[in-house]
J.: 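Below is a structure I'd like to ask you about.
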Amino acid sequence: MTKIKVRFAPSPTGHMHIGNTRTALFNWLWAKKMGGEFMLRIDDTDFARSKKEYEDSMRESLKWLGLVWSSEARQSARFERYKEVTEKLIQDGRIYPCYETPEELEFKRKRALSKGLPPIYDRQALNYTKEDIANFEKEGRKPHYRFKLNDGEIKWNDAIRGEVKYEASNLSDPIIIREDGSYLYHLPSVIDDSDFGITHILRGEDHVTNTASQIQMFEAIGGFVPTFAHLPLLTGKEGKLSKRLGSLGVRELRADGVENMAICSYLAKLGTSEEIRSFYSLEDLAQTLDFSKIGRAQPKFDVEELKHFNVKHIHTMPFDAVKDRLKVNEEFWNDVKANLEKVEDVDVWNNICNGEVSPQVENKTLTDMAADLLPKEPWTDETFNVWLGEVKAKSGLKGKDLFHPIRLALTGEASGPELKTLLPLIGYKKAYERLKGNKA
RNA sequence: GGUCCCAUCGUCUAGUGGUUAGGACGCGGCCCUCUCAAGGCUGCAACACGAGUUCAAAUCUCGUUGGGAUCACCA
């Protein structure tokens, strides 16, 4: 059995978004689970839209997510190779020149549609005479090229969708070279997958039809046909795949305090029969990947749900998973994590316990009394209960009337970890001053 | 419009002819805490529609409706 190799092949025409991330993640997880290799390939054949800035941004997001790659390639650096293959394919009669303008093509499509016909390319270019071509050249028209699909049934066994088949006659011959000589994604992608020994192609189901034509390309260049797996596309809350989903960037999520492993856990399990639960390492998550548990329907992605999941993810996050980013020790982390909405908020509590806080005085009589009753250190586990019992007895207050003013005075916040946990962390001196209404 | 895919609680899903249609998330209630949060328990809630096959259909067949993908000189 050959070693498996997968690739994530983004086009640097935007930042990493949730759809991209999901594809990259599944590829990475599959490689990890199978002990294979994960490759990054920059599909920058579209000069007009590709930008270095986006490429850098994607690399950064990928690294932040933990989706590291062990090798990489760039399509714009491989044009010589594509040209070589193309020339051979032209000789084989699998690639042919066409001279229609985009406008003419658009017109043909519209006309076909209005007649109730499928807007499939009519292969008019296959019937050009030498004179036709000479005339086009004389007009100054430059050819674009299409890959000729052979008639017949194309089928493959999709790792997610099972057996898939298409009749080639229902497909358009894909354009593979633009009028300006640049390549479109189809053929370079196949050449690269073949040259780099990609064994599995996992991508969104928007590519299923492409797969049919690409299988013929793999065969035409004499390459190994990889195994395909097509993930159902994520849809937005409203049903349609919204533009918002496309623009929902990893960078924004990160800035909002969403944890990388929350994103990965959520995306890996959404749309599967497994419950969405937190994983704290990609390796653990990888072991649970199972194509047979991926549904065929399109799951709805809801960013609010992700954010909610993220909060729970933080509440149970082990110290080891965050310690590199923390200034506090394990005990402190465990005391406050269940109240955090973002990891960085641990600083807020660190400051409340160790820094200076301006107390809010809600019931001065009560907090003054509480200050006077507060025993000096050393404290024991029972100190808080004993102290509060006295305050309760003396003030006659209980429940919220009792706790709220004290919490506000002690922490300056209306909610947070249990006061019993917090008090020892704050210490006598600060606690006393704050209860007295002084900044401390 | 052609081709392909899909359809079970609000959401993600289990279910492969006989189930009180199960779980998870969310939502409601209760409990725990002398407060909030966190936590525990519990409740509400679904087979898109219509035929057919069958003793029996969420499950099989056909149709309808609805959703999605693709049919780009984007990837």
Side-chain angles (χ1 to χ4, degrees), chain A residues 9-14 20 43-46 48-50 75 98 100-102 105-106 109 112-121 142-146 158 161-162 164-167 169-172 174-186 188-189 203-213 230 232-233 235 237 239-241 266 269-277 293 295-302 304-305 308-309 311-312 315-316 336-341 385 388-389 391-392 397-408 413-420:
Chain A
S11 177
T13 54
N20 258 346
D43 278 16
D44 54 353
T45 53
D46 187 343
R49 299 194 306 144
S50 297
Q75 295 200 316
C98 303
E100 294 94 340
T101 62
L105 255 16
E106 181 61 23
R109 272 193 294 273
L113 240 19
S114 72
K115 285 203 291 195
L117 263 25
I120 293 172
Y121 179 59
K142 291 242 187 279
H144 57 277
Y145 292 83
R146 287 183 189 259
D158 195 286
R161 300 162 74 87
V164 183
K165 39 186 167 180
Y166 278 93
E167 201 53 55
S169 59
N170 289 322
L171 271 26
S172 271
I175 295 175
I176 55 160
I177 300 178
R178 294 185 183 87
E179 188 184 321
D180 66 5
S182 63
Y183 287 86
L184 276 94
Y185 133 94
H186 288 93
S189 180
R203 50 181 12 174
E205 71 179 6
D206 48 335
H207 282 285
V208 290
T209 322
N210 290 337
T211 298
S213 44
H230 291 93
L233 259 21
T235 60
K237 209 176 177 181
K240 269 231 163 76
L241 180 84
Y266 186 81
K269 297 307 173 196
L270 178 66
T272 72
S273 55
E274 294 175 278
E275 69 174 292
I276 297 176
R277 65 186 175 93
K293 291 188 173 165
R296 277 91 174 127
Q298 299 175 332
K300 286 177 186 55
F301 175 85
D302 180 353
E304 289 312 314
E305 204 173 292
H308 189 268
F309 173 74
V311 171
K312 298 195 74 166
H315 290 170
T316 53
V336 304
K337 70 180 180 186
N339 282 274
L340 303 177
E341 290 202 358
N385 287 339
L388 211 80
V391 178
K392 183 185 180 189
L397 297 173
K398 62 177 183 177
K400 194 174 181 180
D401 291 338
L402 175 68
F403 272 77
H404 202 249
I406 291 180
R407 172 179 291 283
L408 240 24
E413 299 284 337
S415 68
E418 278 192 54
L419 285 178
K420 186 179 175 177

J.: For the residue pair Tyr266(A) and Phe301(A), does the interplanar ring angle fall in the parallel (under 30°), tilted (30 to 60°) or perpendicular (over 60°) class?
T.: perpendicular
J.: Using atom C1' of each nucleotide, how far apart are U59(B) and U19(B) to the nearest Å?
T.: 12 Å
J.: If you find the nucleotide of RNA chain B closest to Leu270(A) and the one closest to His315(A), which residue's nucleotide is nearer the 5' end?
T.: Leu270(A)
J.: Under 4.0 Å between a side-chain N/O of Ser415(A) and OP1 or OP2 of U35(B), yes or no?
T.: no
J.: Does a side-chain heavy-atom distance below 4.5 Å link Phe403(A) with Leu388(A)?
T.: yes
J.: For the residue pair Arg146(A) and Ser172(A), confirm or rule out a side-chain donor-acceptor distance under 3.5 Å.
T.: no
J.: Going by distance alone, is a donor N or O of one side chain under 3.5 Å from an acceptor N or O of the other, for His186(A) and Ser213(A)?
T.: no
J.: Say you draw a straight line from CD1 of Ile176(A) to OG of Ser182(A); how long is it, rounded to the nearest 0.5 Å?
T.: 11.5 Å
J.: Check the distance between C12(B)'s C1' and Lys269(A)'s NZ and give it to me in whole angstrom.
T.: 13 Å
J.: Of the nucleotides C73(B), U35(B), C12(B), which has the atom closest to the Lys300(A) side chain?
T.: C12(B)
J.: Answer with base, sugar-phosphate or nothing: what part of the nucleic acid does Asp180(A) contact at a heavy-atom distance below 4.0 Å?
T.: nothing
J.: Give Thr101(A) one of three labels, base, sugar-phosphate or nothing, depending on what nucleic acid heavy atoms sit under 4.0 Å from its own.
T.: base
J.: Report which part of the nucleic acid Ile177(A) touches: base, sugar-phosphate, or nothing (heavy-atom distance under 4.0 Å, all strands).
T.: nothing
J.: With a 4.5 Å limit on heavy-atom distance, are the side chains of Lys293(A) and Lys269(A) in contact?
T.: no
J.: Would you indicate whether the side-chain heavy atoms of Asp46(A) and Arg178(A) approach each other to under 4.5 Å?
T.: yes
J.: Under 4.0 Å: is that the gap between some side-chain N or O of Arg109(A) and OP1 or OP2 of C71(B)?
T.: no
J.: Kindly point out which of A37(B), C71(B), A69(B) is positioned nearest to the side chain of Asn339(A)?
T.: A37(B)
J.: Could you check whether Gly271(A) gets within reach of a base, just the sugar-phosphate, or nothing at all, counting any heavy atom under 4.0 Å?
T.: sugar-phosphate
J.: Can you list everything that forms a side chain to side chain donor-acceptor pair (under 3.5 Å) with Ser169(A)? Sequence neighbours excluded, please.
T.: none
J.: Look at all strands and tell whether Asn210(A) reaches a base, only sugar-phosphate, or nothing, counting heavy atoms closer than 4.0 Å.
T.: base
J.: In the structure shown, which nucleotide is the Watson-Crick or G-U wobble counterpart of C55(B), with both distances under 3.5 Å?
T.: G18(B)
J.: May I ask which nucleotide in the shown strands pairs with C47(B), Watson-Crick or G-U wobble, both distances under 3.5 Å?
T.: none
J.: Pick base, sugar-phosphate or nothing for His404(A), based on heavy-atom distances below 4.0 Å to the nucleic acid.
T.: nothing
J.: Would you say His144(A) and Leu184(A) make side-chain contact, with heavy atoms under 4.5 Å?
T.: no
J.: N/O contacts under 3.5 Å, protein versus nucleotides 22-31 of chain B?
T.:
from	atom 1	to	atom 2	distance (Å)
G26(B)	OP1	His308(A)	ND1	3.4

J.: Rounding to an integer number of angstrom, what distance separates A58(B) and C49(B) when you compare their P atoms?
T.: 11 Å
J.: Can you confirm whether Glu167(A) is buried at CD, in the sense that more than 12 heavy atoms of other residues, nucleotides or ligands lie under 6.0 Å from that atom?
T.: yes
J.: Starting at atom NE2 of His186(A), determine the distance to atom P of U70(B), rounded to an integer number of angstrom.
T.: 11 Å
J.: Go through C73(B), A69(B), C34(B) for me and flag the one nearest to the Leu233(A) side chain.
T.: A69(B)
J.: Are Tyr166(A) and Val208(A) side-chain neighbours, meaning at least one heavy-atom pair lies under 4.5 Å?
T.: yes
J.: For the residue pair Tyr183(A) / Gln75(A), report whether a side-chain donor-acceptor contact shorter than 3.5 Å exists.
T.: no
J.: When the P atoms of A21(B) and G43(B) are compared, how many Å lie between them, rounded to an integer?
T.: 16 Å
J.: When you compare G63(B) with A69(B), how far apart are their P atoms, in angstrom units rounded to a whole number?
T.: 23 Å
J.: How does protein reach along nucleotides 1-6 of chain B, written 5' to 3' as B (base within reach of a heavy atom under 4.0 Å), S (only sugar-phosphate), or - (no contact)?
T.: BSSSSS
J.: Compare the minimum distances between each of C34(B), C36(B), A75(B) and the side chain of Glu418(A), then state the nucleotide with the smallest one.
T.: C36(B)
J.: Could you check which nucleotide pairs with G10(B) in any of the strands shown, counting Watson-Crick or G-U wobble with both distances under 3.5 Å?
T.: C25(B)
J.: How would you label the contact of Thr13(A) with the nucleic acid (heavy atoms, under 4.0 Å): base, sugar-phosphate, or nothing?
T.: nothing
J.: Under the side chain to side chain donor-acceptor pair (under 3.5 Å) rule, collect the residues that match up with Glu275(A), sequence neighbours excluded.
T.: none
J.: Take atom P in C25(B) and the same atom in C32(B), then report the distance between them in whole Å.
T.: 23 Å
J.: Using the P atom as the reference point in each nucleotide, state the distance between U70(B) and C27(B) in Å, no decimals.
T.: 34 Å
J.: Could you identify the nucleotide paired to A72(B), looking across every strand shown and requiring Watson-Crick or G-U wobble geometry with both distances under 3.5 Å?
T.: none
J.: So which protein nitrogen or oxygen atoms get under 3.5 Å of nucleotides 42-48 of chain B's nitrogens or oxygens?
T.:
none

J.: Between the side-chain atoms of Asp206(A) and the base atoms of A75(B), is any donor-acceptor pair under 3.5 Å?
T.: no
J.: Side chain of Ala338(A): nearest nucleotide among A38(B), U11(B), U35(B)?
T.: A38(B)
J.: To the nearest Å, give me how far apart OH (Tyr183(A)) and P (C73(B)) are.
T.: 17 Å
J.: Roughly how many Å apart are U8(B) and A46(B), using the P atom of each and rounding to a whole number?
T.: 14 Å
J.: Do Arg109(A) and Glu106(A) come close enough that some side-chain heavy atom pair is under 4.5 Å?
T.: yes
J.: Considering only nitrogen or oxygen atoms on both sides, find all protein atoms under 3.5 Å from nucleotides 59-62 of chain B and state each distance.
T.:
none

J.: Is there side-chain contact between His230(A) and Arg203(A), with heavy atoms separated by less than 4.5 Å?
T.: yes
J.: Is the phosphate of A69(B), meaning OP1 or OP2, less than 4.0 Å from a side-chain N or O of Arg203(A)?
T.: no
J.: What do you reckon, is CZ of Arg277(A) surrounded by more than 12 foreign heavy atoms closer than 6.0 Å?
T.: no
J.: Is the closest side-chain heavy-atom distance between Gln298(A) and Glu205(A) below 4.5 Å?
T.: yes
J.: With rounding to whole Å, what would you report as the distance between C62(B) and G10(B) at their P atoms?
T.: 28 Å
J.: Assign Lys398(A) to base, sugar-phosphate, or nothing according to its heavy-atom contacts below 4.0 angstrom with the strands shown.
T.: nothing
